[in-house]
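Have a look at the structure below, then the notes.
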Amino acid sequence: MINEEVANIFERVGRVLSYKGKDRFRALAYERAARSLRGLEGDLTTMAKAGTLCDIPGIGHDLSEMIDEYIDTHHIRRCEKELSTIPQSLIDLMDIPGLGPKTLLLLHKKFHIEDFEGFKRLLDSGSLLKLRGFGEKKIENLRRGIKLWLASKQRLPLGVALPIAERLLADVQKIKGVERADLAGSIRRRRETIGDLDMLVISNNSARVLREFTKLKPVDEVLSLGETRATVILEGGLQVDVRAVARQSYGAALQYFTGSKDHNVHLRTLAHAKGLKINEYGVFRGKKRLRGASESAFYRLVGVPLMPPELREDRGEIEAAIEGRLPTLIEVDHLRGDLHAHTLYSDGRSSLAEMVERAGTLGYEYIAITDHSPAARIAHGLDRRRLEDKVEEIERLRSRRGKRRPRIVHGAEVDILSDGRLDYPQDILSQLDIVVASVHSSFRQSPDRMTGRLLNAMANPFVHVLAHPTTRLIGSRAPIDFDFERVVEAAVKNRVALEINGQPYRLDLTDTLARAAKEAGALFAINSDAHSASQLQDIRYGVFQARRGWIESASVINAWTWAKLRRWLRKPMKR
DNA sequence: GCCGTTTTCGGCCCGACTGTTTTCAGTCG
């Protein structure tokens, strides 16, 4: 997919333009286009062929021509010309908090700063102090910016940030005088990674509440503290913004600070067309505030039904809401079981009995135990003999448990070998209740080979689920390269469900791929891929990702009753 | 550079906070 490549170019051009400061709206247009491409579900090359590039929000006449040019030549001459006017290492510095285009321009002109090393030397040299507008505090702030920047180069996965956020929220709710507190921002939208936390509180004494907040235990450093806003850094480096809001503005503020930015801009345009003005304080006609106490009232006034935060990315959800075709999203409670979990037999850290027991406390109707196949040597994949031992233990456990839930489903996570064959022979596969197939090696095959490999695997009649289809690891491993459309097509045809894996560093499929697969009619399995009993709960991150992919419970096979799932697992048409 | 049921031109969010000023500029969200 070239989406990311083009997005990167547009983002950099946007930064160069804002650095030059000539036309900030042109800069905004490039930045918005970059964000829009990153959130796109379809492939740019395909869209260009179909002539639908201009349907992408933020892409118009000029940018669509540039995308065409990139597809043809791998270059965009106008962008390259713009980029060549400024050293790229200088543009990278804009990521440093507190260092904006104006300051950067000044430092470049006065001190010929071109990269990070130069910037750091300048800070240490003390010559900045002589500059008008620069004092001790400002320089200290820039130093802190560097620290933050180095620490936050990787955003935190949702699965790491959300537990921190939930604990902090509970602490805030206990502060005296807090009437209500909520998470907002990207963590409320359940984005797969989180840059910082946004929180809102209602209180009749906000200054005191904010002061108390900055004294909470996990707070390491206070960056700013005012009457309505406080910004702190937690131990571990996560930044938190808390805003205190009046009760009558709470809905408007919650909407505003939940975003996304593009969703809000779109909403504001709609409001504007109706002669309304919206901001974090409410909906206004002229100077008169209409209402803003609840989020749903806020949306209603603008003429848009309320929608779940996970959808608010300006990816067509506003249009869908107006036309009454919002999806009814899957919820954690809809899941009746988990179809991907490991035990001590392979690389899990809990026993089979412990996993089953914990699955029971989660209210599951069924739990599939899917240890690795032999090719996964490091993970102690099971050969035929150890697989037989495991079957025996499952049988013993089944008879001991009688009719108690959950039902134990005997499965395996079977490696897809480099040519697309599976790592167990057909006679073993045929004995398993469920086969979860996945790639764990040879990640760098050509797109053609990789596509063929996956198609081969899915053509095997015993395969039920394609697990973590892209095999990416957030922050450490790129997704494998294959023709996603063809693979989805084969999944639909062969009745293979695509997994949405809930492990915090996987979240695979991604939101946009899941949505594309849904549009193509695919089925899904939302799984924990738990390697310990406590990790069974990570399945909720898979559900969040699925919700961001517009997925409804009807197309999630582990939201089905056991009776229905069992029929599907048998796949009579294939045998 | 995008966008359009007030517009094909003229908008495009603007309020809070900080720091260095003495009335404001820069940054952020």
Side-chain angles (χ1 to χ4, degrees), chain A residues 10-11 13-14 16-19 21-36 53-67 76 78-79 82 94-107 128-142 144-145 148 184-186 195-200 206-207 210 222-232 239-245 249 252-253 255-282 284 303 314 322:
Chain A
F10 287 169
E11 182 179 33
V13 171
V16 169
L17 292 171
S18 71
Y19 174 82
K22 276 195 207 127
D23 183 353
R24 74 190 178 95
F25 292 114
R26 226 179 118 217
L28 280 175
Y30 275 97
E31 283 166 16
R32 171 164 145 72
R35 278 199 307 276
S36 188
L53 287 176
C54 285
D55 295 346
I56 304 170
I59 302 292
H61 176 264
D62 289 37
L63 294 183
S64 70
E65 274 190 353
M66 291 186 202
I67 295 170
I76 304 174
R78 279 171 71 188
C79 291
E82 195 63 66
M94 278 197 211
D95 280 332
I96 298 177
L99 190 55
K102 293 286 195 309
T103 313
L104 205 51
L105 184 65
L106 184 71
L107 299 189
L128 258 185
L129 266 177
K130 296 171 200 141
L131 216 55
R132 189 185 153 77
F134 281 80
E136 285 286 355
K137 287 210 167 177
K138 200 162 194 172
I139 289 168
E140 190 43 46
N141 192 38
L142 285 170
R144 200 160 42 204
L148 270 178
S186 56
D196 57 17
L197 295 183
D198 290 294
M199 208 182 277
L200 292 183
S206 50
L210 290 177
V222 181
L223 294 187
S224 77
L225 173 61
E227 294 279 310
T228 65
R229 205 179 94 195
T231 303
V232 304
Q239 180 171 321
V240 187
D241 291 333
V242 179
R243 289 180 173 78
V245 182
S249 299
Q255 193 289 320
Y256 182 89
F257 290 110
T258 296
S260 69
K261 184 177 177 144
D262 290 332
H263 174 90
N264 287 358
V265 167
H266 192 159
L267 213 58
R268 197 170 301 123
T269 312
L270 284 182
H272 191 67
K274 290 176 180 274
L276 301 169
K277 181 176 142 75
I278 59 180
N279 58 28
E280 60 265 52
Y281 299 109
F284 296 84
D314 197 26
I322 292 171

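For clarity, every value in this text was computed on a predicted model and none was experimentally measured. Lettering follows sequence order; numbering is per chain, from 1.
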I want to verify a distance call: between [options], whose nearest atom is closest to the [X] side chain?
X	options	value
Val265(A)	dC13(B), dG29(B), dT27(B)	dC13(B)
Glu280(A)	dT27(B), dA16(B), dG15(B)	dG15(B)
Ser224(A)	dT20(B), dG1(B), dC17(B)	dC17(B)
Arg26(A)	dG1(B), dC28(B), dG29(B)	dG1(B)
Gln239(A)	dG29(B), dT27(B), dC17(B)	dG29(B)
Arg229(A)	dG29(B), dC2(B), dC17(B)	dC17(B)

Check: Measuring from Leu129(A):CG to Ile139(A):CD1, what's the distance to the nearest 0.5 Å?
Finding: 4.0 Å
Next item on the list: Take Ile322(A) and Leu270(A), measure what side-chain contact (heavy atoms from CB on, under 4.5 Å) needs, and give me the verdict at the end.
Entry: CA-CA 11 Å; Ile322(A) 292 171; Leu270(A) 284 182; 3.9 Å; yes
Heavy atoms under 4.0 Å, any strand shown: does [X] hit a base, just sugar-phosphate, or nothing?
X	value
Thr231(A)	nothing
Ile59(A)	sugar-phosphate
Leu225(A)	sugar-phosphate
Asp62(A)	sugar-phosphate
Glu31(A)	nothing
Asn141(A)	nothing
Tyr30(A)	sugar-phosphate
His272(A)	base
Asp241(A)	sugar-phosphate
Tyr256(A)	base

I need the [atom1]-[atom2] distance between [X] and [N], as an integer number of Å.
X	N	atom1	atom2	answer
Asp95(A)	dG29(B)	CG	P	12 Å
Leu276(A)	dC13(B)	CG	C1'	16 Å
Ile278(A)	dC14(B)	CD1	C1'	13 Å
Phe134(A)	dG19(B)	CZ	C1'	11 Å
Phe257(A)	dG29(B)	CZ	C1'	7 Å
Ile139(A)	dT18(B)	CD1	C1'	15 Å
Leu104(A)	dT27(B)	CG	P	9 Å
His61(A)	dC3(B)	NE2	P	13 Å

Item checked: Complement of dA16(B), any strand, by Watson-Crick or G-U distances under 3.5 angstrom -> dT27(B)
Any [X] side-chain nitrogen or oxygen under 4.0 Å from OP1 or OP2 of [N]:
X	N	result
Thr269(A)	dG4(B)	no
Arg78(A)	dG1(B)	yes
Tyr281(A)	dA16(B)	yes
Arg268(A)	dC13(B)	yes

Note to self: For Asp262(A), is there an ion pair with Arg32(A) - N to carboxylate O distance below 4.0 angstrom?
What the structure shows: yes
Margin query: So that I can tick it off, tell me whether Arg35(A) and Asp314(A) are bridged by a salt bridge, with the cut-off set at under 4.0 angstrom between side-chain N and carboxylate O.
Written below: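 No, no charged N to carboxylate O under 4.0 Å.
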Notebook entry, point to check: Taking the nucleotide of DNA chain B with the closest heavy atom to each, which residue, Ala273(A) or Lys137(A), is nearer the 5' end?
Noted result: Ala273(A)
Note to self: Taking the nucleotide of DNA chain B with the nearest heavy atom to each, does Leu223(A) or Ile96(A) sit closer to the 5' end?
What the structure shows: Leu223(A)
Roughly how far apart, to the nearest Å, are [N] and [M] at atom [atom1]?
N	M	atom1	value
dG19(B)	dC12(B)	P	31 Å
dC14(B)	dT20(B)	C1'	23 Å
dC13(B)	dT8(B)	C1'	24 Å
dA16(B)	dG10(B)	C1'	28 Å
dT23(B)	dC17(B)	C1'	16 Å
dT21(B)	dA25(B)	P	13 Å
dT22(B)	dG26(B)	P	15 Å

Next item on the list: Kindly say whether Pro57(A) contributes a backbone atom to a donor-acceptor pair with the side chain of Ser36(A) at under 3.5 angstrom?
Entry: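 Indeed, once roles are kept as given, a pair shorter than 3.5 Å links the two residues.
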Note to self: Quick check against the 3.5 Å criterion: does Ser260(A) have a side-chain atom that pairs as donor or acceptor with the backbone of His263(A)?
What the structure shows: yes
Next item on the list: Taking all non-hydrogen atoms of both residues into account, name the closest pair between Leu223(A) and Arg144(A) and its distance.
Entry: CD2-NE, 3.3 Å
Notebook entry, point to check: Run the side-chain contact (heavy atoms from CB on, under 4.5 Å) check on Gln255(A) and Asn264(A) step by step: do they pass?
Noted result: CA-CA 8 Å; Gln255(A) 193 289 320; Asn264(A) 287 358; 3.0 Å; yes
